[in-house]
Amino acid sequence: MLRIAVPNKGSLSEPASAMLHEAGYRQRKDRRELVLVDSGNEVEFFFLRPRDIAVYVGSGKLDIGITGRDLLLDSGSPAEEIMQLGFAGSTFRYATRPGTAQDVTEFGGMTIATSFSGLVTQHLADNGVDASVVHLDGAVETAIQLGVAEIIADVVETGTTLRNAGLEVIGEPILKSEAVVIRRTGAPEDDPKVRQFLRRMQGVLVARRYVMMDYDIRVEHVEKAVGLTPGLESPTVSPLHHEGWVAVRSMVPSKDAQRIMDELYDLGARAILTTGIHACRL
Ligand SMILES: Nc1ncnc2c1ncn2[C@@H]1O[C@H](COP(=O)(O)OP(=O)(O)OP(=O)(O)O)[C@@H](O)[C@H]1O
Ligand SMILES: O=P(O)(O)OC[C@H]1O[C@H](OP(=O)(O)OP(=O)(O)O)[C@H](O)[C@@H]1O
Ligand SMILES: [Mg+2]
């Protein structure tokens, strides 16, 4: 059995379960379930606090886990990222009241409040800055209003939370984060069960990002048309019963599909169809 850690709450939880479901794995129906065995797929899921996942995976008790890059790095656990999942995208940044400081080099002697004290302590050390770090569990924006800290370091997505607290981001982002799959550092790379899991997840990412496009076009325009729809490997071109015409089938990025359909139409393509992809293995 492959033992996988999945976030049980917070921003990572629902999208992680949705992705696993799309990859064909059973997912829990009740949020109170802590462990779920999917015997058909020989996988056991452990629903854990996102912050603890890198600790379990780093200890080798669980084979792989889904967590945020920021949480992985903050934990200092001996685990590494093996796949990016493209959701829960955010930056990790310093913020303060206007006029307090411009960037990390001016933080000497100040106090920084954060839920990611591992990351912040490391970042201050890397920049040779001597400042104090106060660890808080969440809602760190309020720490400035209450005089606990002059600076905060927190997850920023839209920036709405900071703006509402009258704070502004300063300096460059400390890091860019997203949901990732992790495994213990140095774990064998060729574990077939892990490879199969990653292929399934990759299949979901591709199915979400691409559509299948079919169209008919006159033979003399086919080279130009396949230039617009090169596909991942190469498009399938089949003869049509109607002489002088071919049918083309190719995967195209969903975000470009409408523009490509317009351009194909202008080239003379007809019966242009797009269909969703439910699953795939490349
Ligand atoms: N607003 C957000 N947008 C995108 N990602 C976020 C956001 N808030 C947190 N994250 C990401 O979620 C992970 C944090 O997990 P955590 O459980 O703390 O999420 P949370 O949404 O803050 O949950 P909680 O309800 O426990 O505060 C990190 O990887 C972080 O980058
Ligand atoms: O830039 P924004 O789009 O506003 O999102 C960022 C906010 O989202 C998260 O907070 P959450 O709601 O999870 O509360 P928490 O501080 O208790 O974790 C994070 O800690 C930030 O505060
Ligand atoms: Mg939070």
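In listed order, ligands and their atoms are each counted from 1. Note that the structure is a prediction, hence the values are computed from the model and not measured.
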Check whether Thr158 reaches the backbone of Thr160 with its side chain - one donor and one acceptor, N or O, closer than 3.5 Å. yes

Within 4.0 Å of some non-hydrogen atom of Leu12, the atoms of ligand 1 are 12 (O), 13 (C)

Relative to the heavy atoms of Gly68, which atoms of ligand 1 are at a distance of less than 4.0 Å? 29 (O)

Qualifying ring pair (Phe, Tyr, Trp, His ring centres under 6.0 Å) pairs, either residue in residues 28-66, two or more places apart: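 Listed by first then second residue: Tyr25-Phe45.
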
Between Tyr215 and Tyr265, ring centroids under 6.0 Å: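 Aromatic pair excluded; centres sit 6.0 Å or further apart.
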
Are any of the N or O atoms of [X] closer than 3.5 Å to those of ligand 2?
X      : answer
Ala139 : yes
Leu162 : no
Thr161 : yes

Side chains of Arg209 and Val206, heavy atoms from C-beta outward: is any pair under 4.5 Å? no

Numbering the atoms of ligand 2 from 1, which are under 4.0 Å from a heavy atom of Val156?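 Within the 4.0 Å cut-off of Val156, ligand 2 contributes 1 (O).
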
Using a strict 4.0 Å cut-off to heavy atoms of Glu141, name the atoms of ligand 2 that fall inside it.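 Here the atoms of ligand 2 in question are 21 (C), 22 (O).
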
Compute the shortest N/O to N/O distance between Arg69 and ligand 1 and return yes if it is under 3.5 Å, no if not.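 For ligand 1, there is no N or O atom that lies under 3.5 Å from one belonging to Arg69.
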
Presence of salt bridge, Asp30 and Arg32, under 4.0 angstrom: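 Salt bridge present between Arg32 and Asp30.
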
Given that the side chain starts at C-beta and the backbone is N, CA, C, O, which of these parts of Ser11 lies under 4.0 Å from ligand 1, counting heavy atoms, or is it both or neither?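 It is both parts that get close, each with some atom under 4.0 Å.
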
Answer side chain, backbone, both or neither: which part of Val140 comes under 4.0 Å from ligand 2, heavy atoms only. neither

Parallel, tilted or perpendicular: rings of Tyr94 and Phe107 (30°, 60°):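 Ring orientation of Phe107 relative to Tyr94: perpendicular.
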
Taking all heavy atoms of Arg281 and all of Arg200, pick out the closest pair and write down the distance.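 So the two residues come closest at NH2-CG, 3.3 Å.
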
4.0 Å heavy-atom contact, Gly89 with ligand 1: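 Yes, Gly89 has heavy atoms under 4.0 Å from ligand 1.
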
Could you establish whether Gly138 and ligand 1 come within less than 4.0 Å of each other, counting only heavy atoms on the residue side?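 Under 4.0 Å: no for Gly138.
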
Examine the side chains of Ser17 and Gln27 and answer whether a donor and an acceptor come within less than 3.5 Å of each other.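 Yes, a side-chain donor-acceptor pair sits under 3.5 Å.
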
Would you tell me whether Gln258 and Asp262 have side-chain atoms, one donor and one acceptor, within less than 3.5 Å of each other?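 There is no such pair between these side chains.
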
Report the member of Glu178, Arg49, Lys176, Arg51 with the shortest heavy-atom distance to atom 26 (O) of ligand 1. Arg49

Should one rank Thr114, Val155, Thr142, Thr158 by closest heavy-atom distance to atom 6 (C) of ligand 2, which comes out on top? Val155

Under the criterion salt bridge (Lys or Arg N to Asp or Glu O under 4.0 Å), which of Arg184, Arg183, Arg195 is the partner of Glu189?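 The passing option is Arg183.
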
Tell me whether ligand 2 is touched by Arg163 - counting only heavy atoms on the residue side and a distance under 4.0 Å. no

